[in-house]
Structure formats: C-alpha cells, structure tokens
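Computed over heavy atoms, backbone and side chain alike; hydrogens, waters and symmetry mates excluded.
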Amino acid sequence: RRWTGQEWRHAVLDYALAGANTFGGGPKEFDFLKSYGLMVVGHMNSNALSGPPEWSAVEPFGRLNFVCPSIPEARRAVLDNIEQSMKNSLPYDIIRIPSGDAGGCWCEKCEPWGKTYILMCADMAKIIHKYQPGTRVYITNQELSNAGERFIFDYLNQSPQPWLAGLYYGPGSNAI
C-alpha cells in the first residue's frame, strides 16, 4: 500500500535527522519540506508532451506522451509547455531533467540521444532560470548509449556550462 501522509512526513523527518537535506516533492509536500529548511527537487522531462501522432517519439519502452524533439514544431511545443509550467511553478531548489526512465527518443534524428537531450536541457535551463534564477538544474545519464554519454562529456568539457549544477547517475545508467 502507499504510505499515508503522516507516514511519509515521519519518514522524511527520520531521513532528515540522519542527514538528508533534499527531497522530491510536489505541491502537497512542498510547504512541509520547506518548513523544516529542506531543499525540494522538482522534475521535468525533456520531451514529455502529447501531440499529433507524427510527433511521437521512438521511446524505448513504448510509453506514450513523448514527442521527438528533432521535429522543430514538437521541440518548440515542449519548450512552450515548459515556459507555461515555469510561470506558475513552485520555487524549487533543484529541477532534475531525466534522460530516460520515461522519455527519450531513439529515432535516427535523435541518436545519439545524449546529444539531443543535453542540447534540449540547455534550452530548458534558460527557461527555468528566467523564472527561477537560483534553481539548480541537474541532468541524468539513464538509458544513454556510450556515444550519447561521450557527447555529453565532450560538450561539458568544451566550456563551462553555468546552467548545469550536476549530473545524477541513476538506475539504468550506462556509466561509461
């Protein structure tokens, strides 16, 4: 069964007493977490959106509601959707943009996904920082190929990327 709100709050405070200071949460959890001085992580996908069938992503697990960001109109629609979301967003301390584990596109135009993904994240970060300049943006390496990870590492080594605070390695990570 799912935890009750009380059980969740109790667990968060136990973790906080053990040293944790950052938790994922949405509108229902936000005020509770902030009342204890904890940081709150929100998350956005780089290609989550419903659109015309011709915009559909080639998502590795066949999940719906993801578009191909290599289609200019789909990319613009995703960025417009993020702009609208950020206008009314809670003031998150961190926004995590996962590369996979829901999302991504493995079509020929998007491969390696790491390239398409990191460039999309850079555009998303501009929008995030327009509304929340102090929010830290983190990316992940879930479901990326060696070529995709290599592109990200080369991109990050070319020049400083002040929009990016860090990289999460998580389940499904390739970790070359």
Undergrad: Who are the ring pair (Phe, Tyr, Trp, His ring centres under 6.0 Å) partners of W163, not counting sequence neighbours?
TA: none
Undergrad: Please identify each residue that fulfils side chain to side chain donor-acceptor pair (under 3.5 Å) with S89, with sequence neighbours left out.
TA: Q132
Undergrad: Go through the structure and list residues passing ring pair (Phe, Tyr, Trp, His ring centres under 6.0 Å) with Y138, not counting sequence neighbours.
TA: Y168
Undergrad: Tell me every residue that passes side chain to side chain donor-acceptor pair (under 3.5 Å) with D31, counting only those two or more places apart in sequence or in another chain.
TA: none
Undergrad: Could you list the residues that satisfy salt bridge (Lys or Arg N to Asp or Glu O under 4.0 Å) with K109, not counting sequence neighbours?
TA: none
Undergrad: Going by salt bridge (Lys or Arg N to Asp or Glu O under 4.0 Å), name the residues that satisfy it together with R75, two or more places apart in sequence or in a different chain.
TA: D123
Undergrad: Any pair with a residue in residues 64-112 that passes ring pair (Phe, Tyr, Trp, His ring centres under 6.0 Å), sequence neighbours left out, goes on the list, sorted by first then second residue, please.
TA: F30-Y92
Undergrad: With sequence neighbours left out, what residues match K130 under side chain to side chain donor-acceptor pair (under 3.5 Å)?
TA: E83
Undergrad: Checking R76 now: which residues fulfil salt bridge (Lys or Arg N to Asp or Glu O under 4.0 Å) with it, not counting sequence neighbours?
TA: D80
Undergrad: Quick one: list whatever passes salt bridge (Lys or Arg N to Asp or Glu O under 4.0 Å) with E73, sequence neighbours left out.
TA: none
Undergrad: Kindly write out the residues that satisfy ring pair (Phe, Tyr, Trp, His ring centres under 6.0 Å) with Y131, not counting sequence neighbours, or none if the list is empty.
TA: none
Undergrad: Who are the side chain to side chain donor-acceptor pair (under 3.5 Å) partners of N21, not counting sequence neighbours?
TA: none
